[in-house]
Amino acid sequence: MMSFQIITIGTSLGGFYALKTLLGVLPQNFPLPVAVVQHRSAEESDIFAPLLASHLQLPVLEVEDKQEIEGGRIYVCPANYHLLVERSHFALSTDAPVLHARPAIDVLFESAADSFGEGVVGILLTGMSRDGSAGLRKIKEKGGYTVVQDPTTAEGRTMPQSAISSMAVDRILSIDEIGPFILELCAGQRGAA
Amino acid sequence: MKNELAVSPSPSVEEIEMDLLLEGIYRQYGFDFRNYALSSLRRRIMNFARNERASTISALQDRILHDRSWLDRFLFALSVNVSAIFRDPAFYLAFRKEVVPMLRTYPFIRIWLAGVSMGEEVYSLAILLEEEGIYDRCRIYATDINEPVLKKAKEGIYPLELMQTYTSNYMKAGGLQSFSRYYTAAYDRAIFKASLRDNVVFAQHNLATDASFNEFHVILCRNVMIYFNRELQGHVHHLLYESLVMFGILGVGAKETLRFSPHEQAYDEIDKAAKLYRRVA
Ligand SMILES: C[S@@+](CC[C@H](N)C(=O)[O-])C[C@H]1O[C@@H](n2cnc3c(N)ncnc32)[C@H](O)[C@@H]1O
C-alpha cells in the first residue's frame, strides 16, 4: 500500500465552494497535512483562512514562513506569496508570478514532489487558468497520486481540462466524490498521535 | 496530533549537484548561498539552467566556476528584488502610530534598513520621517548584498506607471501630503527628490557573512530572510539583535516570524500584524 505524506490542492475561479465541499468531508482525526493554493488578488485581506475554517472540522492556518508541516491541519497560502514545501516545513517566496499567478499552483505541486516524491497526492480543481498542469505532471513523474475535478462539474473548466489533456491523471471525479475518495485513499494511514 | 513526516532519506542527484554548485561558488568566489531556502533556490537554479540551455546543474557548475561573467549572470538570476514604495501600507501606518512617538524622545536616531533592494523602502521611510518632523535627526543606513541593485537605490528613479499604485499605498500608509510633491515626472520615469537621500548612507553588506557595523535604534529587515533556511535566519537574527540598542525596534516582513531567532524572548510585540517588535532584554 502506498504511504502518503501530504495532500496538495490547487484551485482558482470557483475554488471556495469546491474547497468547502471537498475539505468539509475530512474528519477531525484526518492524519495528513493538506496544503492549499487558491488564486486570489494580491490585495486581498487575510479573511480567506478564517472564512474557510468556519465550514470545516479541521483547523485552517494561513502559512507563515518556515512553518512546520503537521498532520490534521489545512494550510492555506497567503495572498501575493508562493507557497513551497521544504521538507519538514513550508517556505514562502515572492519570486515572479508563474502563468500570471502568485501564489501559483505549479510552485506548490513541484516543490511538494521534490520533497516527498511518491508521498504526494495532488488535486487540481476548478479554475480558468492553465496553472497546475505542469506541477501535477511532476507529481505523477515522481510517483505521487493525481486527482482532477471532472471539468463538466467545475465552474471553471480550463484548469482541470488542461491537466487532463496533458497527462494521464489517476482519477477524474466530481467535486462531491473527491473528499470521500481521499478518505478512502488515506484510510489506514498511520497519522501518528 | 503530530504527524512526523518521514522524508526520503537519500538526496536526489539534483540535490547533490546543487550542494556541489553552491559549495563551489562559495569557495571560488566567496558568495555564500549554502543556507538559502532550498525549495525556492532550486526553482531559480532550474529556471536559469533551462534558460541557459545547460542540460544539468553540473554542466552549469562547469561554466560558472571557470568564467566570472557566468557567475554574474547567475547572481542576477538568483536575486529576488520585488519591492514597492509603501509596500504593506499597514506596516507604515503602524510605524507612524507606534514607533514614531518613541523615536521623538531620541536626540539622534540611527536606522538600518537591511536588504533594501532598489530603495523603495528607503524613500518610503524618509518621506514618513520627514512628514513626522524627525528626518533631520535620523541617519539611515541602507544595505543590500547586491551592488547593481544598490546603485538603482541611490538613483531613486522608478517607472512612472507605478506612481498610481504608490500614491494609493502612500495614502493608506497615513500620508499627510500630496504624494506627487516627492518626485518629478520626466518622460516615463519618476525621479525622487534628492533631499530624501540627504541622511542616507548606501553600502553593500552581506547578512550571511558580514559582521555588525554599528548600533541602531531601528532595524528593518523585511522580506529578506524568507529566502534563508532556519539556520541562516537564526544567524541573521543574532546579528540584528547584537546591532540593536536596548529598547530598539525590529521590523520583519508580513509573513515572517521571530520563531527562529535565538533571541525571540528578548522582544516585546508592538504590533502583531505589522510585525514590529521592541528589544527589552
Ligand atoms: C524581496 S527584496 C526585499 C526588499 C525590501 N526590504 C522590501 O521588503 O520590499 C530582498 C532583498 O534582499 C537582498 N538579499 C538577499 N540576500 C542577502 C544577503 N545575504 N545580505 C543582504 N541582502 C540580501 C536581495 O538582494 C534583495 O534586494
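Throughout, protein chains are lettered first and strands after them, A, B, ... in sequence-line order, and every chain is numbered starting at 1.
- A pairwise comparison of heavy atoms in B/Ala254 and A/Tyr81 identifies CB-OH, 4.0 Å as the closest pair.
- Going from atom OG of A/Ser93 over to atom CG of B/Asn223 covers 10.5 Å, rounded to the nearest 0.5 Å.
- At a threshold of 4.5 Å between non-hydrogen side-chain atoms, the residues A/Leu92 and B/Tyr227 do not count as touching.
- Inspection of non-hydrogen atoms places A/Glu62, A/Val63, A/Glu64, A/Asp65 of residues 53-65 of chain A under 4.5 Å from chain B.
- For chain B, the nearby parts of A/Val107 are the backbone and the side chain; heavy atoms of each come within less than 4.5 Å.
- Taking non-hydrogen atoms and a 4.5 Å limit, the residue list of residues 234-241 of chain B in contact with chain A is empty.
- Within residues 72-90 of chain B, the residues having any heavy atom under 4.5 Å from a heavy atom of chain A are, by residue number, B/Val80, B/Val82, B/Arg87.
- Neither the backbone nor the side chain of B/Lys172 comes within contact range of chain A, judged by heavy atoms closer than 4.5 Å.
- Chain A forms the most heavy-atom pairs under 4.5 Å with one residue out of B/Arg230, B/Glu15, B/Gln233, B/Arg42, and that residue is B/Arg230.
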Check residues 167-176 of chain A and write down every donor-acceptor pair under 3.5 Å in which the side-chain atom is one partner and the other belongs to a residue at least two apart or another chain.
from, atom 1, to, atom 2, distance (Å)
A/Asp170, OD1, A/Lys140, NZ, 2.9
A/Asp170, OD2, A/Thr146, N, 2.8
A/Asp170, OD2, A/Thr146, OG1, 3.0
A/Arg171, NH1, A/Tyr145, OH, 3.4
A/Ser174, OG, A/Glu177, OE1, 3.3

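- Note on A/Asp95 versus B/Arg43: no salt bridge recorded, every NZ/NE/NH1/NH2 to OD/OE distance being 4.0 Å or above.
- Smallest separation of non-hydrogen atoms from B/Leu38 and A/Glu86: N-OE2, 3.1 Å.
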Exercise for the section: Any chance you could lay out the side chain to side chain contact (heavy atoms under 4.5 Å, CB included) test for A/Glu68 and B/Arg259, step after step, and finish with the verdict? Expected result: CA-CA 11 Å; A/Glu68 282 89 17; B/Arg259 293 229 322 281; 3.0 Å; yes
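- With a 4.5 angstrom heavy-atom cutoff, A/Asn80 does not touch chain B via any of its atoms.
- Looking at A/Lys66, its side chain does come within 3.5 Å of a backbone N or O of B/Ile226 through a donor-acceptor pair.
- For chain A, the nearby parts of B/Ser40 are the backbone and the side chain; heavy atoms of each come within less than 4.5 Å.
- From A/His82, atom NE2 reaches atom OG of B/Ser39 across 11.5 Å, with rounding to the nearest 0.5 Å.
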